[in-house]
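These numbers were taken from a predicted model, which means no experiment stands behind them. Proteins get letters first, then strands, A, B, ... in listed order; numbering begins at 1 in each.
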Protein chains: 2
Amino acid sequence: MQDTREKIIALADQLIRTKGYNAFSYKDISDPLEIKNAAIHYHFPTKTDLGVAVVDFETERFKEHTAKWSGMPEDKQLKQLFETFNRKHKEGLVCLMGTLSPDYKTFPESLQEKVTEMSAAFANWTSQCLENGRKKGFFAFDGDAYDRALLVLSNLLASLLMSRVMGPKTYGKISGQLYKDLLKKN
Amino acid sequence: MQDTREKIIALADQLIRTKGYNAFSYKDISDPLEIKNAAIHYHFPTKTDLGVAVVDFETERFKEHTAKWSGMPEDKQLKQLFETFNRKHKEGLVCLMGTLSPDYKTFPESLQEKVTEMSAAFANWTSQCLENGRKKGFFAFDGDAYDRALLVLSNLLASLLMSRVMGPKTYGKISGQLYKDLLKKN
DNA sequence: AAAATTACTTACTTGTAAGTAAGTAAGCAA
DNA sequence: TTGCTTACTTACTTACAAGTAAGTAATTTT
């Protein structure tokens, strides 16, 4: 019955993305899963443990995805990244980094480290993808690839957040223009 | 003693930016101001009322600032916007939209509306600034000015958030590259 | 001078979040 | 078949957040 543990992580993941880390409680998980809150404490003694598990899960999933894409040309790889965000947008969810970063200062160190680790994984992969893609002529952009990667990620992250507040069309306007900019030849 | 009311708003503003809306409590305000929590309820019966006051305050301040800048050439006006974010970054604070958007779904409608109103004020001003600036040759960018404004704001917003997690240099890398891109002539 | 208003304090209530201690039923292991 | 582990439940505790009712001292209005 490792099933319950995985269900808890999946639900916590979704709750963090919809309500934010500090606004969800064990009751939000125990009710829909029809278990007692103590059952969650059995799998994750503290809320921090659960937070760490969710972030680890997402970091792992990102690494699995990018490993699968590694044979594709870089423009297709980047397209896959955009598609991942498109799906999140359609589900009405924001990305983990976007929802966790405002609350970052309220986290214990162990969770902060995991969030930083995850963000580094995103940035490093995107940086490599952009750098290699530019060398091969798929992308055209100025400046350092790592800086450009931060720019791309910041747009994707914020476009999901801003869509919540400014309406669903916001996401497409930002990500669409961003993608065009990268492919554009001067 | 309208002073207390203003101090409450200023402190709440800072707390929302550091801990997030759902993580701060009336005690975080009453302790440093050396008043009782009931005194805060006197000025702001509910937490929502306080949230609305903070957002209104920031929207108003933004409108005052941009009104002051309105005589400047557009490149200087945009520079002022960047300077505003630079200052926030130096103080270790994120922007209100950045911290409120992940929690947006937990807000009552009245607060949601105020946040949406504030975001519209930001986007409309930036859009106008970019459009007029491009006409006069200060800026060079492709696509609709409103879409570009969303891109710029998303980068500024997210660069403050990401700096928390990825280190303070992140802000400069993103905002620096963003600014160069806008001034760049092809 | 009396009445009302402002800006609070004192002292609660209610609700809920996080966490824990002790017990239990089912399965497996020696 | 006895004992140990797994995956829980029952029934708590502690802490604190949000909000309120009633009182008060100082000022302001009439």
Inset, instruction - Could you check whether A:Y26 gets within reach of a base, just the sugar-phosphate, or nothing at all, counting any heavy atom under 4.0 Å? - result: sugar-phosphate

Inset, instruction - Just call it for B:K47: base, sugar-phosphate, or nothing, with non-hydrogen atoms closer than 4.0 Å on any strand. - result: sugar-phosphate

Inset, instruction - May I ask you to check whether A:N124 and A:Q128 show a side-chain donor-acceptor distance below 3.5 Å? - result: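 Absent: no donor and acceptor within the cut-off.
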
Inset, instruction - Check whether the side chains of A:T126 and A:Y146 place a donor and an acceptor atom closer than 3.5 Å, and report yes or no. - result: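 No, no side-chain donor-acceptor contact under 3.5 Å.
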
Could you state the atom-to-atom distance from [atom1] of [X] to [atom2] of [N] in whole Å?
X: A:I40; N: D:dA7; atom1: CD1; atom2: P; result: 15 Å
X: A:N22; N: C:dT16; atom1: CG; atom2: C1'; result: 15 Å
X: A:D3; N: D:dC8; atom1: CG; atom2: C1'; result: 14 Å
X: B:D49; N: D:dG19; atom1: CG; atom2: P; result: 8 Å
X: A:F44; N: C:dA17; atom1: CZ; atom2: C1'; result: 18 Å
X: B:R5; N: C:dC8; atom1: CZ; atom2: P; result: 12 Å
X: A:E34; N: D:dC8; atom1: CD; atom2: C1'; result: 15 Å
X: A:L33; N: D:dT9; atom1: CG; atom2: C1'; result: 15 Å

Candidate nucleotides [options], ranked by approach to the side chain of [X] - the nearest:
X: B:N37; options: D:dC8, D:dA18, C:dC8; value: D:dA18
X: A:T4; options: D:dG19, C:dG19, D:dC8; value: D:dC8
X: A:I35; options: D:dT9, C:dT9, C:dT6; value: D:dT9
X: A:H43; options: D:dA11, D:dG19, D:dC8; value: D:dC8
X: B:H41; options: D:dA17, C:dG19, D:dG19; value: D:dG19

Inset, instruction - Group every Ile, Leu, Val, Met, Phe, Trp and Tyr by side-chain heavy-atom contacts under 4.5 Å, then state whether B:L160 and B:L78 land in the same group. - result: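 Yes, same cluster.
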
Inset, instruction - Answer yes or no on whether A:K88 is positioned over the face of A:Y171, meaning its NZ or CZ is under 6.0 Å from the six-membered ring centre and within 45° of the axis. - result: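 The answer is no, since A:K88 fails at least one limit relative to A:Y171.
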
Inset, instruction - Look at the side-chain N and O atoms of B:Y42 and state whether any lies under 4.0 Å from the OP1 or OP2 oxygen of C:dC8. - result: no

Legend entry - Under-4.0 Å side-chain N/O to phosphate OP1/OP2 contact, B:K36 with C:dC8: no

Inset, instruction - Could you tell me which residues satisfy side chain to side chain donor-acceptor pair (under 3.5 Å) with A:Y21, sequence neighbours excluded, listed by chain and number? - result: none

Legend entry - Pairwise 5' ranking along DNA chain C for A:A38 and A:S25, keeping only the more 5' one: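 This one resolves to A:S25.
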
